[in-house]
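Written below as structure tokens is the structure these notes are about.
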Amino acid sequence: MAELSFWKDKRVFLTGHTGFKGTWLSRILVISGAKLTGFSLEAPTNPNLFEMAGLEGKMTSVIGDIRDMEALKKAFDECNPEIVIHMAAQPLVRDSYKDPRYTYETNVMGTVNILECVRLSSSVKSFLNVTTDKVYKNNEWMWGYREDEPLDGFDPYSNSKSCSELVTHSYKNSFFSTEEAPAISTARAGNVIGGGDFATDRIIPDCVRAAMSKQDIVVRNPYSTRPYQHVLEPLFAYLTIAKSQYEDKKYASWYNVGPDECDCVTTGDIVDMFCEKWGGITRIDRSEANAPHEANFLKLDSSRLKNTFGWKPTWHINEAIERVVEWTRVYEANGDIPAIMDKQINDFIGKEA
């Protein structure tokens, strides 16, 4: 587990800070005392978690497009970061079919731009590029993919993230191979769930919307298996990687961040768990004609992360869904969102609030 005391007064530059994962990571870093600068587009949903998370005045939030090198470098240089975590992306498979060019521009050239900032900087010691489990060529295997499997995502989103990995590998080999160069890693995480995700086309946000409006949940692909994990699982893994390679470059590598076998469940199963914990709603299966291709089975082997850092999942899928329901009940009652986020962060690391 990443020691939060390490982050006090560290200068951190985070791209994609207004997104779902980015907001949770911003909250962790802010309560840890980091000097955090975020660079991102406006929050992508309405309502949006970033607005609720109590971060105003506690970090530097720069609204900008990762494709805009001039704006990015200005914010980057003003931060003068020691640690850079790159999460800005067009993150949705279905949107990548609708606008593939924008997806590639953001996910590939955005990676080039942030790596250029790192290359031209003298302050950065640790860089982490967050990609996805979908970077792998998917053979619909029953076993998990390892970090040396071929990178060849099928759809424009997955493929653009494969390209982002390859760009990072090239920069690492070409520009960051000396002793004094920053440590460079990527982290490939599976599907995340958690309170405050208001995205379209994601199963848990769909469940939350249906539950709050007292409607049954429509499931378009109940038999697809996904490696679900609570959002705090990969975020603390990212912090562990970034901290460890900051202290010793031997930890710089490519890491899968996925749940255990028992948490690779079907979409139908996860909806059933949510319905049980929420109460009073059921699921309706409805296949979709002419749906764009999405993987049916995808699983990661996270042995490298476990063996290197002693990492293991903290909340299995059952508790992860309980935490989504806990957060959503507070939201539904117009409760204190920063407080429930901090409670869940402290619960996760086993710390008294």
Side-chain angles (χ1 to χ4, degrees), residues 1-45 48-56 58-63 66 75-76 79 81-89 91 110 114 126-132 185-199 229-246 255 257 305 311 313-315 320 323-324 327 337-338 340-349 351:
M1 188 68 69
E3 294 174 24
L4 293 186
S5 59
F6 164 84
W7 296 92
K8 183 172 172 55
D9 295 327
K10 290 290 189 300
R11 300 186 309 279
V12 181
F13 192 84
L14 171 63
T15 70
H17 70 289
T18 61
F20 168 57
K21 286 173 75 176
T23 298
W24 274 100
L25 186 54
S26 295
R27 188 73 205 172
I28 296 168
L29 289 168
V30 161
I31 66 176
S32 303
K35 294 178 178 175
L36 176 62
T37 296
F39 184 92
S40 181
L41 297 174
E42 294 279 3
T45 61
N48 77 77
L49 181 61
F50 186 74
E51 203 172 75
M52 305 172 189
L55 296 168
E56 190 173 348
K58 297 178 180 175
M59 62 176 288
T60 300
S61 174
V62 180
I63 300 303
I66 195 73
F76 187 99
C79 174
E82 301 164 83
I83 298 171
V84 179
I85 302 175
H86 177 46
M87 293 174 60
I114 191 67
S126 173
F127 172 83
L128 178 67
N129 180 15
V130 174
T131 62
T132 173
S185 288
T186 68
R188 305 160 183 174
N191 293 34
V192 297
I193 62 175
D197 187 358
F198 298 102
Q229 55 191 334
H230 192 274
V231 64
L232 293 178
E233 301 283 2
L235 295 184
F236 276 94
Y238 304 159
L239 294 176
T240 296
I241 297 165
K243 168 187 177 290
S244 298
Q245 69 178 16
Y246 178 98
Y255 294 99
V257 187
L305 188 72
W311 179 86
T314 298
W315 289 345
R323 296 295 179 157
V324 174
W327 190 100
I337 296 302
I340 186 60
M341 293 180 77
D342 292 353
K343 174 190 180 297
Q344 292 193 344
I345 291 165
N346 287 320
D347 287 349
F348 187 84
I349 61 178
K351 175 183 171 185

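Since this is a predicted model, take the numbers as computed values, not measurements.
A distance-only check finds a donor-acceptor pair linking the side chain of H17 to the backbone of F39 [under 3.5 Å]. At distances below 3.5 Å, at least one donor-acceptor pair connects side-chain atoms of E82 with backbone N or O atoms of R11. In this structure, Q344 contributes its side chain and R323 its backbone to a donor-acceptor pair below 3.5 Å. In this structure, the side chain of Q245 engages the main chain of F127 through a donor-acceptor pair within 3.5 Å. Distance alone, capped at 3.5 Å, is enough to place a donor-acceptor pair between the E233 side chain and the T314 backbone. Side-chain atoms of Q229 come within 3.5 Å of backbone atoms of V257 as a donor-acceptor pair (strictly under, hydrogens ignored).
Between E42 and T18 there is no side-chain heavy-atom pair separated by less than 4.5 Å. Side-chain contact between H86 and I66: present, with at least one pair of heavy atoms (C-beta onward) separated by less than 4.5 Å. Looking at heavy atoms from C-beta onward, F6 lies out of side-chain contact with L239 at the 4.5 angstrom threshold. In this structure the side chain of W24 reaches within 4.5 angstrom of the side chain of L49, judged on heavy atoms.
The one candidate from V231, D197, L232 that meets the side-chain contact (heavy atoms from CB on, under 4.5 Å) condition with V192 is V231. Each of W327, F236, W315 was evaluated against H230; a single residue qualifies, W315, per the ring-ring contact (aromatic ring centres under 6.0 Å, His included) test.
The 12-atom threshold is not exceeded at NZ of K35, counting heavy atoms of other residues, nucleotides or ligands nearer than 6.0 Å.
In this structure, the separation between CD1 on I63 and CG on L41 is 8.0 Å, given to the nearest 0.5 Å. Taking CD1 from I114 and CZ from F13, the interatomic distance works out to 5.0 Å, rounded to the nearest 0.5 Å. S26 contributes atom OG, which lies 12.5 Å from atom NZ of K58 (distance to the nearest 0.5 angstrom). In this structure, F50 CZ and S61 OG are separated by 4.0 Å, a value rounded to the nearest 0.5 Å. Rounding to the nearest 0.5 angstrom, the gap separating the CG atom in L29 from the CE atom in M59 is 8.5 Å. To the nearest 0.5 Å, atoms OG (S32) and CD1 (I345) are separated by 8.0 Å.
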Item to complete: Please lay out, stage by stage, how F20 and T45 fare under the test side chain to side chain contact (heavy atoms under 4.5 Å, CB included).
Response: CA-CA 9 Å; F20 168 57; T45 61; over 6 Å; no
Discussion item. Between F198 and N48, does the side chain to side chain contact (heavy atoms under 4.5 Å, CB included) criterion hold? Intermediate values first, please.
Written reply: CA-CA 7 Å; F198 298 102; N48 77 77; 5.6 Å; no
